[in-house]
Amino acid sequence: MKTVFVTVGTTSFDDLIGAMTSDESVKALIGRGYTDVVLQVGRGSVVPDPDSCPGLTLQVFRFKDSIAEDMRHSDLIISHAGAGSCLEALGANKPLLVVVNDKLMDNHQLELAKQLQADSHLIYCTCSTLPQTLRDMDLSALTTYAPGQPENFASFLDKAVGLV
């Protein structure tokens, strides 16, 4: 069993949920050997039916007190680009694919994702490039983010928003 955990955090990111459950993304996941997808859909209006991804076992929920266990039991985390979700996912020491919401104005999330990808901690894409990224990503190129060093993450944030 290979599991993908997808999180949108406390927000709504229907485009990500739609892109994850698209035929192209489902085929790409199956092609990489994934069998299970757990979707945390947050406040979104898109709540996929458990049978909507043929070939994958799909679990869907809005919120939990903690998603740490879902992250710990996953083989790949796919997350929106919020700083809190990125930090939690990096702390779980799992491969991380971040999907940037390119519809946001003043997109600091893109800057954060670019910096963390430049440092080989994650791979990022947009909803429109998600299926291709799932097919082509090289997770072996990722390096571990050192946990317990909040000053490193603060430095990433400073670089991302242009303070350094």
Side-chain angles (χ1 to χ4, degrees), residues 1-9 11-42 44 46-64 66-104 107 109-110 112-147 156:
M1 181 170 91
K2 274 180 76 175
T3 302
V4 177
F5 175 62
V6 182
T7 179
V8 300
T11 186
S12 165
F13 194 0
D14 289 340
D15 288 348
L16 172 55
I17 301 304
M20 275 303 305
T21 56
S22 72
D23 289 343
E24 277 189 283
S25 291
V26 169
K27 286 177 189 170
L29 290 171
I30 292 170
R32 294 186 75 97
Y34 293 101
T35 57
D36 295 68
V37 175
V38 179
L39 291 176
Q40 183 264 322
V41 299
V46 175
V47 182
D49 184 87
D51 299 324
S52 63
C53 297
L56 294 172
T57 301
L58 182 65
Q59 297 174 42
V60 180
F61 67 93
R62 286 195 180 278
F63 299 104
K64 289 183 179 178
S66 172
I67 58 173
E69 187 174 324
D70 294 292
M71 289 185 173
R72 199 169 33 257
H73 287 93
S74 68
D75 297 287
L76 171 65
I77 299 170
I78 298 176
S79 176
H80 76 122
S85 293
C86 286
L87 183 58
E88 186 171 6
L90 290 168
N93 198 25
K94 299 288 182 168
L96 175 59
L97 173 59
V98 166
V99 182
V100 175
N101 186 346
D102 54 5
K103 292 182 178 177
L104 293 177
N107 199 345
Q109 292 184 358
L110 175 60
L112 176 62
K114 280 183 178 179
Q115 183 62 52
L116 289 168
Q117 180 171 283
D119 293 329
S120 300
H121 296 304
L122 58 77
I123 296 168
Y124 84 89
C125 65
T126 62
C127 290
S128 62
T129 61
L130 178 62
Q132 186 69 41
T133 303
L134 288 170
R135 283 190 296 273
D136 298 341
M137 64 187 178
D138 179 7
L139 300 177
S140 69
L142 297 178
T143 60
T144 302
Y145 180 81
F156 283 133

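The figures that follow rest on heavy atoms only: side chains count, while hydrogens, waters and symmetry mates do not. Because the structure is a prediction, the values reported are computed rather than measured.
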Within the 4.5 Å heavy-atom criterion, are Leu56 and Ile30 side-chain neighbours or not?
yes
Residue pair Ala113 / Val100: nearest heavy atoms and the distance that separates them:
CB-CG2, 3.8 Å
Quick one: does Thr143's side chain have a donor or acceptor within less than 3.5 Å of a partner on Ser120's backbone?
yes
If every non-hydrogen atom of Val46 is compared with every non-hydrogen atom of Ile17, which pair is closest and at what distance?
CG1-CG2, 3.7 Å
Okay, side chain of Ser25, backbone of Ala19: is any donor-acceptor separation there less than 3.5 Å?
yes
Side-chain heavy-atom pair Asp36, Val38 within 4.5 angstrom cut-off
no
Can you tell me how far CG of Leu76 sits from CZ of Arg32, rounded to the nearest 0.5 angstrom?
8.5 Å
Taking every heavy atom of Ala83 against every heavy atom of Leu112, the minimum-distance pair comes out as CA-CD2, 3.7 Å
Atom OH of Tyr124 and atom SG of Cys86: how far apart are they, to the nearest 0.5 Å?
12.5 Å
Evaluate the side-chain contact (heavy atoms from CB on, under 4.5 Å) criterion for residues Ile123 and Gln117: first the C-alpha distance (whole Å), next the side-chain angles of each, then the deciding distance (0.1 Å), finally the verdict.
CA-CA 5 Å; Ile123 296 168; Gln117 180 171 283; 4.0 Å; yes
Where do Cys53 and Leu58 come nearest, in terms of heavy atoms and distance?
SG-CD2, 4.0 Å
Tell me whether Asp49 at atom CG has more than 12 heavy atoms from other residues, nucleotides or ligands lying less than 6.0 Å away.
yes
Let me have the donor-acceptor pairs involving side chains of residues 126-134, under 3.5 Å, with sequence neighbours excluded, atom names and distances please.
from   : atom 1 : to     : atom 2 : distance (Å)
Thr126 : OG1    : Ser128 : OG     : 3.1
Thr126 : OG1    : Thr129 : OG1    : 3.3
Thr129 : OG1    : Thr126 : N      : 3.0
Thr129 : OG1    : Thr126 : O      : 3.2
Gln132 : OE1    : Arg135 : NH2    : 2.7
Gln132 : NE2    : Asp136 : OD1    : 3.3
Gln132 : NE2    : Asp136 : OD2    : 2.4
Thr133 : OG1    : Thr129 : O      : 2.8

Step-by-step side-chain contact (heavy atoms from CB on, under 4.5 Å) determination, Asn93 to Thr144:
CA-CA 6 Å; Asn93 198 25; Thr144 302; 3.3 Å; yes
Sidechain-backbone polar pair: Asp119 side chain, His121 backbone, donor-acceptor under 3.5 Å:
no
CD1 of Ile78 to SG of Cys125, rounded to nearest 0.5 Å, is 7.5 Å
Val26 side chain near Ser52 side chain, heavy-atom distance below 4.5 Å
no
Of all the heavy-atom pairs spanning Phe63 and Gly9, show the shortest one and how long it is.
CE2-O, 3.8 Å
Let me confirm one number: the CG-CD distance from Asn101 to Gln109, rounded to the nearest 0.5 Å.
7.0 Å
Does any pair with a residue in residues 72-96 pass salt bridge (charged side-chain N to carboxylate O under 4.0 Å, His left out), and if so which ones, sequence neighbours excluded?
none
When rounded to the nearest 0.5 angstrom, what distance separates CG in Leu97 from CG in Leu122?
8.5 Å
Which heavy-atom pair separates His80 from Ser85 by the least distance, and what is that distance?
NE2-OG, 2.8 Å
So Thr21 and Leu39, side-chain contact (heavy atoms from CB on, under 4.5 Å) or not? Walk me through it.
CA-CA 10 Å; Thr21 56; Leu39 291 176; 3.8 Å; yes
How long is the gap from OH on Tyr145 to CG on Leu96, to the nearest 0.5 Å?
12.0 Å
Determine whether a donor-acceptor pair (N or O, by modelled atom type, separation under 3.5 Å) exists between the side chain of Gln40 and the backbone of Arg62.
yes
Looking at side-chain heavy atoms only, is the closest gap between Ile67 and Phe61 below 4.5 Å?
yes
